[in-house]
Amino acid sequence: MMGGGGSRIVICVLLTVLILAFLSSGFTPVDNYLIDCGSPTNTTVGGRVFVADDSASIFLSTPKSTLASSSKSVTSGDNSPLYQTARIFDETSKYSFPIRQPGRHWIRLYFNPFVSGSYDMSSASFDVSTPNHVFLSNFSVKTSVVKEFSANVTSKDLVITFTPSGNSFAFLNALEVVSVPDELITDDAETFNPAGRLKGLSWQALETVYRVNMGGPTVSFENDTLGRTWVPDKSYLIGNNLAINVSNIAAVKYVGGGATRDSAPNAVYGTAIGMNSENDPNSNFNVTWEFNVNPGFQFLVRFHFCDILSSSLNYLYFNVYIDSWLVAENLDPSGFANALAVAFYKDFVTAATVSNKLRVSIGPTKTIPGAYPNAILNGLEIMKMNNSLGSLSGPAPDVSDSSSKKNVGVIVGLSIGAVILVVLAGIFLVFCRKRRRLARQGNSKMWIPLSINGGNSHTMGSKYSNGTTATLDSNLGYCIPFAAVHEATNNFDESWVIGIGGFGKVYKGVLNDGTKVAVKRGNPRSQQGLAEFQTEIEMLSQFRHRHLVSLIGYCDEKNEMILIYEYMENGTLKSHLYGSGSPSLCWKDRLEICIGAARGLHYLHTGYAKAVIHRDVKSANILLDENLMAKVADFGLSKTGPEIDQTHVSTAVKGSFGYLDPEYFRRQQLTEKSDIYSFGVVLFEVLCARPVIDPSLPREMVNLAEWAMKWQKRGQLEEIIDPTLVGKVRPDSLRKFGETAEKCLADFGVDRPSMGDVLWNLEYALQLQEAVVPGDPEDNSINMIGELSPQINNFSHTDSSVSAAKFEASSVDDLSGVSMSRVFSQLVKSEGR
Ligand SMILES: *[C@@H]1O[C@H](CO)[C@@H](O)[C@H](O)[C@H]1NC(C)=O
Ligand SMILES: *[C@@H]1O[C@H](CO)[C@@H](O)[C@H](O)[C@H]1NC(C)=O
Ligand SMILES: *[C@@H]1O[C@H](CO)[C@@H](O)[C@H](O)[C@H]1NC(C)=O
Ligand SMILES: *[C@@H]1O[C@H](CO)[C@@H](O)[C@H](O)[C@H]1NC(C)=O
Ligand SMILES: *[C@@H]1O[C@H](CO)[C@@H](O)[C@H](O)[C@H]1NC(C)=O
Ligand SMILES: *[C@@H]1O[C@H](CO)[C@@H](O)[C@H](O)[C@H]1NC(C)=O
Ligand SMILES: *[C@@H]1O[C@H](CO)[C@@H](O)[C@H](O)[C@H]1NC(C)=O
């Protein structure tokens, strides 16, 4: 008996010891890469070994990297040994880490700029990205900093790419890629604007922008099971005298269902800020912290609570606010587990912020009679969520970002004659300069997406002081008061309607200063419409291009969803092709329109680190200005690609009937190549001037794509072209055009050309149509092109590096406003002599 009891006690003690050992050892990351860049020796920091990285690393692939080490002690107060050395990258370089356990990983980047040889790291500027997300773009840093990101990595490798901006270089002092416990960031969180729940957090890349220990000192990474650092709240607190410190670290309890040591250490839960009520039961104020944030992003805000203040249960009730939103009312922290000092946290996701400040407040409640006015907050984390482009970085970089070095190299790669090279290089240099100028202008026009339903828009609107004057003169005139929109459209005059779409009606309008605008007014809010509204604003605010319709402003007052665009005098391409009685367009105009639209789409696909897929390419979404210049419109369905929809199968296939990529339809897999397919349909539509689906026709003719492909494959496309074009299209031009459209309609996305290729081929088709050397008989000039064409044609679609090259050349003209045809005529002339 005694013996049995004794062994039970021993077992209990052993178990307890085991459990305690288990708890205190905390989480052991499966993937744990710690790299001390540029260092010849391993560096141990807080018991963690950062491995030397001064020779060829199995993780690093780089064309050229320079090692740097600081002779002096580091510039800032933080003299971590990790900051003494760095790697410098002059060209795009990648770290690639095998991932043993899929799931969220920290990616911590350590930067400490110092001067090494000819490199002054504080002048470096570069991008850091993974295949799915952009972490930093055009990033530069003046003092030491650790940037902490996290992302769910489901591939077998995590590749982190460092890309220098322009002629600059990139650098890095140390790097961590470390598994995060699955429970730390769950898939959903509460939203409050509008109230609900947000799912899909596991797909978000996050950047920790603030991690704060309220009412206590810094908690360093050595004292955090997940290697995080918590900073004191003092510098964020508004009105020091309103707050008091509370501390009782020993009392903190972690219970099942609540927070764990991995959520935050007890050093964080055991200190807090309370209201400095000075025993006045009538105290009525909030304690507020204010944080600088990048506007235009959503944030995941995590509040850590632990009632170390109360002496009895259900004594403390308070309200929690984010900005002016009441996110938790009558919160009773002892109610979480019916015990005092139990650690727990609450997550909220904000709407995309308009302001560059985010405020967090706690304050007394008025609705619980007799509640003593007090409130408590123990810790706070603010994490920036990637935007719909997958980016965590501020405004999108302009395309002009790509380095001139690269472009010149690419043009050399074309290996055409030296004369041509000189011509191209000359043109290129001129355009480069223009391009930079454009980039500068572009950036200053960048504006901020709104918060849907956000009260802030009204205050922004207040700069139209009398509420009815909306003018275009300001670069910041984005939020336009409802009254101004009302006036501009003659009270939404039905006779001013110029289009009706799924989203709602489009009105013609005139702003006070005489600017013509198109006003798209959403149907009363549906969730669907709301999402598209937001997407479109976000997209258009980041993408500015001659061949994309620009957004002038929006209005979300009074539950309205109104978008205001530049007015496109000549309406849709579709209306010029059939059904409206407009005079028919000549072949050259049609080609130029196709080229313009292709440029706009090419920019969407490549102009940003992550491709943007339009998803609804059709002739009704290609608009024409007074000079018949084409601009792509309607980004409401846009998505960044390509992987997204693989996992969101539930997102119904969107797009327009007759233009839909059959592969997307079958596999619900969205890539840029779906846009290419739709664009191919548009090309046939332009050529044949008939609807893409016409049920009134005999069966085999109903679907234009099928019908035209049949004739194209037979080599008899001329049989079905728009009758008004008969005899006016040069056979070579038609052949090139037909081939281009055919390639776009390939069954499988991989077989379709890129938009850059399509663009090049359309330019070429135009050139074949236009080619006339002055004074020469037409046939002769065609022959001359014919002689050249093998050379040009040889940049066929097979070699992707060359096709990328092709587009680099075209993009030159893209920004210059001078047609590529000039380059072609130079080709013709120089050969001809
Ligand atoms: C650094 O640490 C790694 C792993 O901990 C070890 O394999 C390597 O030999 C060490 N290198 C040096 C230079 O001490
Ligand atoms: C990149 O940043 C530098 C300085 O931080 C700035 O001068 C430059 O204009 C930026 N470039 C772009 C394309 O944003
Ligand atoms: C990561 O993504 C996968 C695939 O969607 C998902 O099953 C998993 O739950 C996610 N993990 C985390 C920690 O978010
Ligand atoms: C709270 O404690 C921190 C250090 O832990 C100190 O810097 C701060 O001044 C204190 N604040 C108040 C209101 O006492
Ligand atoms: C960790 O916490 C303990 C006790 O709170 C403290 O004595 C120690 O200095 C901390 N370590 C670091 C590196 O901050
Ligand atoms: C606390 O802040 C919220 C949000 O800004 C505000 O609505 C509330 O009136 C404030 N309470 C007090 C007592 O000032
Ligand atoms: C963040 O990126 C993911 C794809 O990696 C995307 O699914 C998600 O919608 C993006 N977040 C936002 C808020 O747009």
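Ligands are counted one by one from 1 in listed order, and the atoms in each one are counted from 1 as well.
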*asked:* So that I know where these two stand, are Phe291 and Tyr236 an aromatic pair - ring centroids less than 6.0 Å apart?
replied: yes
_Residue-ligand contact Ser324/ligand 6, heavy atom below 4.0 Å_ = yes
*Going from CG on Leu184 to OG1 on Thr260, what distance comes out if it is rounded to the nearest 0.5 angstrom?*
7.5 Å
*Within a distance under 4.0 Å of any heavy atom of Asp182, pick out the atoms of ligand 3 and give their elements.*
13 (C)
*Between Asn42 and ligand 1, is there a nitrogen or oxygen pair with a distance under 3.5 Å?*
yes
*Please step through ring-ring contact (aromatic ring centres under 6.0 Å, His included) for the pair Phe59 and Phe97, ending with a clear verdict.*
CA-CA 6 Å; Phe59 302 121; Phe97 299 99; 5.0 Å; yes
*Can the ring centroids of Tyr83 and Phe114 be said to lie less than 6.0 angstrom from one another?*
no
*Heavy atom of protein closer than 4.0 angstrom to atom 11 (N) of ligand 6*: yes
*Specify side chain, backbone, both or neither for Thr154, according to which of its non-hydrogen atoms lie closer than 4.0 Å to ligand 3.*
side chain
*asked:* Please report the interatomic distance CG(Leu34) to CZ(Arg48), rounded to the nearest 0.5 Å.
replied: 5.0 Å
*Starting from atom 2 (O) of ligand 6, find the nearest protein heavy-atom neighbour and note its residue, name and distance.*
Asn286 ND2, 2.2 Å
*asked:* Under a 3.5 Å cutoff, is there a donor and acceptor pairing between the side chains of Arg104 and Ser150?
replied: yes
*Relative to the heavy atoms of Asn284, which atoms of ligand 6 are at a distance of less than 4.0 Å?*
13 (C)
*Under 3.5 Å, is there a donor-acceptor pair between the Asp332 and Ser334 side chains?*
yes
_Nearest-0.5 Å distance that lies between atom OG1 in Thr41 and atom CG in Asp53_ = 11.5 Å
*Do Asn152 and ligand 3 have an N or O pair less than 3.5 Å apart?*
yes
_Minimum-distance protein heavy atom relative to atom 7 (O) of ligand 6_ = Tyr321 CE2, 4.2 Å
*Taking heavy atoms and a distance under 4.0 Å, where does Asp323 meet ligand 6: side chain, backbone, both or neither?*
backbone
*Write out the residue and atom name of the closest protein heavy atom to atom 4 (C) of ligand 1, then the distance separating them to 0.1 Å.*
Val51 CG1, 4.0 Å
